[in-house]
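Since this is a predicted model, take the numbers as computed values, not measurements. For ligands, and for the atoms within them, numbers begin at 1 and follow the listed sequence.
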Amino acid sequence: MDITDSAVWFSIGIVLITTIITRVTRGRSRFEPACSTPPPPVVSCGSFVGLLHTLYTKGLRVMILDQYTKLGSVFTISFFGKNVTLLVGPEVAEHFYQGLESEIGLNMLGFTVPMTGKDVGYALDAATRCQQSRFQTDALRPSKLRSHVGPMLQEVEEYFAKWGQQGTVDLRKELEQVLMLISGRCLLGKEVRDNMFGEFFTLFNEMIDNGTNISNAIFPFAPTLTNRRRDRARAKISEMLTKIVRSRRSSNQAKDDVLQYLIDSRYRDGRPTTESEVTGMIIGLILAGKQTSSTTSTWTGARVLSHSTCLAAVLEEQKQIFKKYGDKIDYNILLEMDTLHRCIKEVLRMHPPTPSLFRKVHKSFVVRTKERAEYEIPKGHIIASPMLFNNNMPNIFKDPDVYDPARFGPEREEDKVGGKFSFTVFGGGRHSCLGEAYAYMQIKVIWSHLLRNFELKLVSPFPEMDWSKIMPVPKGKVMVTYKRRSLAST
Ligand code: HEM
């Protein structure tokens with residue numbers, strides 16, 4: 001990781017968090033009852049300057065490592081009276097992921113509300129959101145996913161059929177496109193995919209571009225130009241989707257896509273979902289899955305194509321599967337692609353699309369470190385689970401800077417040996433990702449097709465990380481040359 005960039009990212013993160021805490025805590029009592037368990041050690045204002053210096057000169061990981069070595073796995077960064085407590089490593093992560101929402105809040109995700117709308121997700125109370133999560137979980141469960149493989153494959157085949165015999169492309173742009181087509185087809189359905197795909201995703205990209213910057217996260221409702229652009233795009237998206245939901249309902253058309261599942265979902269009291277809830281939930285799913293999957297697909301290309309042993313291993317796997325099943329691909333065959341799966345998982349370890357998760361403490365709680373020290377994390381603190389650091393802890397992941405997919409193989413299983421919360425790239429506990437299986441599935445459909453049909457070479461330098469977004473992405477173009485080939489003849 002680029003040191004300066006990570007430093008900038010972390011500083012921006014700190015500023016963002018401070019601002020959010022200020023906004024969230026404004027007007028509330030600061031008094032917390034005294035207790036016998038001590039609070040975590042604090043990186044005070046004095047050391048804060050040193051901390052920033054380390055951050056800018058040596059990077060985020062070294063900075064956290066310094067504090068981790070000095071203070072242990074739980075420490076608070078305190079500045080201008082605000083507190084962000086880092087919970088480093090799996091031993092102290094349990095309550096972060098498992099705590100009740102009344103105790104550990106998700107307020108940090110409030111910036112998504114202007115995009116998903118006031119009737120869904122983080123705009124709602126936990127009980128209603130839980131029911132909506134159930135609709136989304138059901139829509140993405142394996143029994144439903146099976147039927148998406150065919151349409152995904154068709155989108156992928158049609159898209160890459162347009163490539164010539166050989167050429168040079170920006171892999172990042174190509175993969176973004178194909179993933180949008182897959183979302184259009186499997187999540188949104190035929191009306192969007194066939195009739196308004198271009199317009200829909202132009203608007204969607206406009207909404208994301210103007211809605212997921214650090215500034216939106218700090219001031220999601222301020223009357224800024226970017227917020228206005230975001231809202232304008234969102235209003236048009238909402239209009240398009242509302243028309244589709246209304247038309248499907250009035251004509252009793254039943255489709256096999258996630259949108260239809262959300263339209264047909266009912267709350268426990270029998271109430272059907274409203275148009276604006278369906279619209280908000282489907283936007284939420286695309287929002288959660290689009291950037292994360294396209295970033296991961298691009299990194300998969302960059303890593304595998306830069307690593308001859310991995311490239312040979314994934315190719316050999318495709319050859320063996322091809323020998324067994326010919327060019328047929330279905331849900332079960334995708335599950336057999338273990339080597340490819342591990343290559344993607346290792347990419348996620350090294351390039352987690354969400355480098356850290358944040359929560360707000362609503363009720364003080366006690367954590368116990370592996371050295372048996374106990375600390376009470378006071379109400380009002382922001383807590384962070386820094387995946388970017390956790391995924392690189394050498395006591396869990398051997399030689400963490402080395403791209404080594406075999407670490408997840410049956411002999412090593414480093415993520416399991418380290419304990420329940422060692423690998424939280426898809427979150428964990430109460431709010432773990434609902435789209436994990438879907439994400440792996442679409443990335444495997446794309447990469448198995450590319451490996452089988454093209455000889456690829458990365459021709460631009462290995463990409464750096466662009467930290468200017470809430471979800472960092474590969475910086476610049478990721479240029480790749482391709483030449484058609486047939487796996488059967490290799
Ligand atoms: C490589 C791809 C992906 C990664 C790395 C990823 C990562 C995550 C993470 C870390 C969380 C937890 C957030 C938190 O605890 O604050 C999450 C939640 C979520 N993800 Fe994903 N995600 C991916 C793809 C997807 C896809 C494709 C979908 C849907 C189609 C999806 C839907 C969701 C939803 C709905 C939640 C919210 C769960 C809740 O709040 O209960 N994700 N994801």
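- Taking atom 13 (C) of ligand 1 as the reference point, the nearest protein heavy-atom neighbour is Leu357 CD2, 3.9 Å.
- The part of Pro353 lying near ligand 1 is the side chain, judged by heavy-atom distances below 4.0 Å.
- The nearest pair of heavy atoms linking Arg248 to Gly189 is NH2-CA, 4.0 Å.
- In this structure, the protein non-hydrogen atom closest to atom 16 (O) of ligand 1 is Arg359 NH1, 2.9 Å.
- Distance alone, capped at 3.5 Å, places no donor-acceptor pair between the Ser293 side chain and the Lys290 backbone.
- Contact annotation: for Phe426 versus ligand 1, heavy atoms closer than 4.0 Å belong to both the backbone and the side chain.
- Atoms of ligand 1 found under 4.0 Å from any heavy atom of Thr296, numbered from 1 in the order shown, are 1 (C).
- Looking from atom 19 (C) of ligand 1 to the surrounding protein, the closest heavy atom is Cys433 CA, 3.6 Å.
- Here the shortest heavy-atom distance to atom 12 (C) of ligand 1, taken over His431, Gln132, Glu436, Lys345, belongs to His431.
- The residue from Ala437, Ser294, Gly289, Ala288 that puts a heavy atom closest to atom 33 (C) of ligand 1 is Ala288.
- The closest protein non-hydrogen atom to atom 36 (C) of ligand 1 is Leu434 N, 4.1 Å.
- One side chain, Asp119 or Ser276, offers a donor N or O that lies under 3.5 Å from an acceptor on the other.
- Residue contacts with ligand 1, taken as heavy atom pairs separated by less than 4.0 Å, involve Thr292 via backbone and side-chain atoms alike.
- Nearest protein heavy-atom neighbour of atom 10 (C) of ligand 1: Val425 O, 3.2 Å.
- Counting only heavy atoms of the protein, atom 28 (C) of ligand 1 lies nearest to Gly435 CA, 3.5 Å.
- Ring-centre distance between Phe423 and Phe408: below the 6.0 Å cut-off.
- For atom 40 (O) of ligand 1, the closest non-hydrogen atom of the protein is Tyr122 OH, 3.0 Å.
- Ring-centre distance between Tyr440 and Phe426: below the 6.0 Å cut-off.
- Annotation for Lys363: atom NZ does not count as buried by contact number, only 12 or fewer foreign heavy atoms lying within 6.0 Å.
- When heavy-atom distances to ligand 1 are checked against a 4.0 Å cut-off, Ser432 comes that close only through its backbone atoms N, CA, C and O.
- Close contacts between ligand 1 and Tyr438 involve ligand atoms 27 (C), 30 (C) [criterion: under 4.0 Å to a heavy atom].
- The proximity of Thr354 to ligand 1, defined as any non-hydrogen pair under 4.0 Å, is limited to the side chain.
- Arg342 has no carboxylate O lying under 4.0 Å from a charged side-chain N of Asp404, or vice versa, which leaves the two without a salt bridge.
- If you look at Phe135 and Tyr267, their ring centroids are closer than 6.0 Å.
- Under 3.5 Å, the side chains of Ser265 and Thr273 contain no donor-acceptor pair of N or O atoms.
- For the pair Arg185 (side chain) and Arg193 (backbone), a donor-acceptor distance under 3.5 Å is absent.
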